[in-house]
Each structure stands twice: as C-alpha cells, then as structure tokens.
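In what follows, a structure is listed as structure tokens, so that the remarks can point back to it.
Only this structure's heavy atoms are used, side chains among them; waters, hydrogens and symmetry mates stay out. Letters A, B, ... are given to chains in the order of the sequence lines, protein chains preceding strands, and every chain is numbered from 1.
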2 protein chains.
Amino acid sequence: MRPVFKIWLENNGKVFGEGPLEILQKVEKTGSLRSAAAQMGMSYNKAWRLIAALEERLGYSLLEKRVGGACGGGSKVTPYAQQLMKRYSELKEEAEIVLEKLYLKHFEGFKT
Amino acid sequence: MRPVFKIWLENNGKVFGEGPLEILQKVEKTGSLRSAAAQMGMSYNKAWRLIAALEERLGYSLLEKRVGGACGGGSKVTPYAQQLMKRYSELKEEAEIVLEKLYLKHFEGFKT
DNA sequence: ATCCATTATACTAATATGAGTATAACGCTG
DNA sequence: CAGCGTTATACTCATATTAGTATAATGGAT
C-alpha cells in the first residue's frame, strides 16, 4: 500500500497543476505548443484548450504566441508563467517529501 | 488563488480515500450502507460497488454485513476499517496543515 | 503569389462515469 | 409462513468528459 497525492491551484476552477507544468516545460524546450503536445502524446487541440482555460481563469497569459511567419510561428513561456512553474514545482517537490514522511508516521506498523 | 490537494491510498488501484472515509463514517452512525449512501445523496448501488472494489483490492473486508433479520440487516465497520479510517483521517488532517504552510512559503508575494 | 508550420476555433464522435431500475436472497418478527 | 428492509448483483440508460477531425487565419521565406 502506498500514498498518492495531487496538488494544484484553483481560482475559479483549476488554474495550474502537474499537467500544465509539463506542457509549459515542453514548450520551453520545443518552442511551440503543437510540438509540446505531440511529445506528450496529447492532441494539439486539447493542449490549446487547456492553456486557454487556465489563462482565462488566471487573468494572465501563460504563452506569448506568434502565428504565421518563417516556421509557422511558435509559443514562448511568459515571465509570469515562469514564476508559476518555478513556485509550483518547488511546492510540489517539497510536498512529496513531507507527505511521504507523514504517511510513514501514521501507517507505521499497519496491517492486521 | 488557493492550493487544493487530494491524498489517497493505492494498492492495485485506489484502496482508500476521502469518499470511502465518509461512507464508513456514515455507516457507523446509521448502521447500514443503504442509509449511509442515502445521506450522501449517493445511490446504494454505487456505494456498494465502491466498497466491494476496495475490499477486493485490500484483501480485507471493511464492513461486516448482516442480511435479513429484524430490520432487514445492516452493516458494521470492521476493526480493520476502523484503523484505516483513523490513520487516514489523521494523515489527511496533518497534510492539510503542512501543505497550507508550504503554499504560503512558496507563493508569498506572488502575482505580477 | 505560394508554401509552410503554426495558432485559433468549431463541430463531431467516442468513451467513461454515474444514475437508475429490477430482482433475488436473506432471516428475524409477528 | 408472510412481510419487511436490508444486502447482493446484473443490466440498461443518461450524461458528462474527453478525444479527434476539420478548417480558417497568420505572416515570413522562397
């Protein structure tokens, strides 16, 4: 038996979490939302709607989007999004450690 | 913006969490799974299948079930389930406190 | 002007989830 | 032994979520 947890941010509905973090990280690497989605095995459509929904609830844009041009365009993570990513990922990392400890504390010697 | 989290236990699939905890608590109060489900606005059918699935994955029974008899029967939470409930609810309570602190630490002064 | 890869968005289809309905079996009580 | 309210379980139907498909629009490069 093992503990599992998820932590995310809400404003008026979900605003940030593990999935969005991974998408933005891949956008940083690839330079476009389309290829980020492809790398995750996710349809571009889904990724786009997800980001759009988050942006609307946040009131800030996460991606600076260029459409058209030499290579069709691309997306860049905004400074605001970079902050969110950094803070959220650190929060999550520490939460993992702390929760694992809490689990051991409370479930030590369990199983009758 | 606020943090939200969920924590649950897995074995071969979900084995315990907030929903099951609430059901079992209501069984303790009402003496039957049927009325527990009713109090939660959940169909008996759903509640029964949920508990049955958990029991199978755990390898232990959570409810001691009597069928037939004076008042039709009823269910009682097993000692094993009581331990699970106690440990899980304490774990969750402490996790809430700790995670709220972690959130404040990491998101202090956020919003640009 | 055409091509290209991308963003942007609407519309449809598949799937998963959950709710509801139905029915059997059980066993105490009167 | 008939009635009652419960557990136990199968089966169908509605609904919500998600995935997929299609199509436009953009703008620099050739």
Kindly write out the residues that satisfy side chain to side chain donor-acceptor pair (under 3.5 Å) with A:Lys86, not counting sequence neighbours, or none if the list is empty. A:Glu90

Below 4.0 angstrom, which residues in residues 51-59 of chain B have at least one non-hydrogen atom near DNA chain C? none

Set of residues satisfying salt bridge (Lys or Arg N to Asp or Glu O under 4.0 Å) with respect to B:Glu10, sequence neighbours excluded: A:Arg2

Atom pairs, protein N/O to nucleotides 10-13 of chain C N/O, distance under 3.5 Å:
| from | atom 1 | to | atom 2 | distance (Å) |
| --- | --- | --- | --- | --- |
| C:dA10 | N6 | A:Asn45 | ND2 | 2.3 |

With sequence neighbours left out, the residues meeting salt bridge (Lys or Arg N to Asp or Glu O under 4.0 Å) with A:Lys105 are B:Glu94

Could you state the atom-to-atom distance from CG of B:Leu50 to P of D:dT9 in whole Å? 15 Å

Suppose we screen for salt bridge (Lys or Arg N to Asp or Glu O under 4.0 Å). Which residues come up paired with B:Glu22, at least two apart in sequence or across chains? B:Lys26

Collect all protein-nucleotide pairs involving nucleotides 28-30 of chain C in which both atoms are nitrogen or oxygen and the distance is under 3.5 Å.
| from | atom 1 | to | atom 2 | distance (Å) |
| --- | --- | --- | --- | --- |
| C:dC28 | O4' | B:Ala70 | N | 3.3 |

Summary of salt bridge (Lys or Arg N to Asp or Glu O under 4.0 Å) pairs that have at least one residue in residues 49-64 of chain B, sequence neighbours excluded: B:Glu55-B:Lys65

Strand contacts (DNA chain D) in residues 21-28 of chain A, 4.0 angstrom heavy-atom criterion: none

For residues 5-13 of chain B, which residues have at least one heavy atom under 4.0 Å from DNA chain C? none

Which pairs pass ring pair (Phe, Tyr, Trp, His ring centres under 6.0 Å) with one or both residues in residues 9-28 of chain B, sequence neighbours excluded? B:Phe16-B:Tyr88

Considering residues at least two apart in sequence or located in another chain, which fulfil the salt bridge (Lys or Arg N to Asp or Glu O under 4.0 Å) criterion with B:Glu100? none

